Participant: 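Would you mind keeping the following structure in view while I ask a few things?
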Amino acid sequence: MHILVINGPNLNLLGRREPEIYGGETYDDLLRYIRGEAEKLGVSVSFFQSNHEGALVDAIQEALGQYNGIVINPAAYTHTSVALLDALKAVGLPAVEVHISDVSKREDFRQVSYVRAACVKTFMGLGFAGYGEALRCLAALDSGGAK
Ligand code: CA2
């Protein structure tokens with residue numbers, strides 16, 4: 001099983017600021033964590049990060065035929081992007097939305113998620129562990145498990 005993990009704007013700067021919200025670990029630490037979880041599950045992972053909405057749309061489109069599922073933290077585009085929602089719907093791959101912080105307890109403008117309607121599940125507020133849960137969720141779907 002091949003899973004594409006997509007991260008949106010500014011997540012490449014993890015660990016540099018706002019450690020009280022996003023923790024003190026870096027983007028490279030995140031990739032290391034996800035690789036470790038993927039190995040335990042026996043799934044393969046690839047990563048894509050961009051600060052550009054169109055590049056994220058392209059990555060979602062190009063996932064078709066290459067991957068069995070998508071883990072996506074669209075970052076700020078979560079709350080604004082119909083384009084990402086449409087791209088996820090268009091490819092129809094199972095997708096799981098992840099947020100490091102608990103967006104449900106933050107500002108009003110973070111209460112909307114456009115992508116959620118195209119995702120089978122959302123994990124938020126679990127820190128990096130949310131990405132591990134997302135991989136588990138996709139792996140369970142792939143093996144026909146109920147989750
Ligand atoms: O909690 C999450 O994972 C978010 O998707 C992160 C986004 C935010 O806009 C969403 O509402 C929730 C922001 C990522 C910004 O990352 C930073 C990295 C370094 C310093 C400050 C922010």
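It should be emphasised that the depicted structure is a prediction, and the values quoted were computed from it without experimental measurement. In listed order, ligands and their atoms are each counted from 1. Numbering of residues begins at 1 and proceeds along the displayed sequence.
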Participant: Can you see whether Y131 engages N7 through a side-chain donor-acceptor pair at a distance of less than 3.5 angstrom?
Facilitator: yes
Participant: Evaluate side chain to side chain donor-acceptor pair (under 3.5 Å) for E53 paired with N51, printing each intermediate quantity in order.
Facilitator: CA-CA 7 Å; E53 188 175 13; N51 298 322; over 6 Å; no
Participant: Flag yes if more than 12 heavy atoms outside E39 fall under 6.0 Å of its CD atom; otherwise flag no.
Facilitator: no
Participant: Could you label the plane-to-plane angle of the H99 and H79 rings as parallel, tilted or perpendicular, counting under 30° as parallel and over 60° as perpendicular?
Facilitator: parallel
Participant: What are the two closest heavy atoms between L56 and G8, and how far apart are they?
Facilitator: CD1-CA, 4.1 Å
Participant: Present, as a list of atom pairs with distances to 0.1 Å, all nitrogen or oxygen contacts under 3.5 Å between ligand 1 and the protein.
Facilitator:
unit_1   : atom_1 : unit_2 : atom_2 : d
ligand 1 : 1 (O)  : I100   : N      : 3.3
ligand 1 : 1 (O)  : S101   : N      : 2.8
ligand 1 : 1 (O)  : S101   : OG     : 2.6
ligand 1 : 3 (O)  : N73    : ND2    : 2.8
ligand 1 : 3 (O)  : I100   : N      : 2.7
ligand 1 : 5 (O)  : N73    : OD1    : 2.8
ligand 1 : 5 (O)  : H99    : ND1    : 2.9
ligand 1 : 9 (O)  : A76    : N      : 3.4
ligand 1 : 9 (O)  : R110   : NH1    : 2.9
ligand 1 : 11 (O) : H79    : NE2    : 2.7
ligand 1 : 11 (O) : R110   : NH1    : 2.7

Participant: Any salt bridge linking K89 with D86? Criterion: basic side-chain nitrogen under 4.0 Å from a carboxylate oxygen.
Facilitator: no
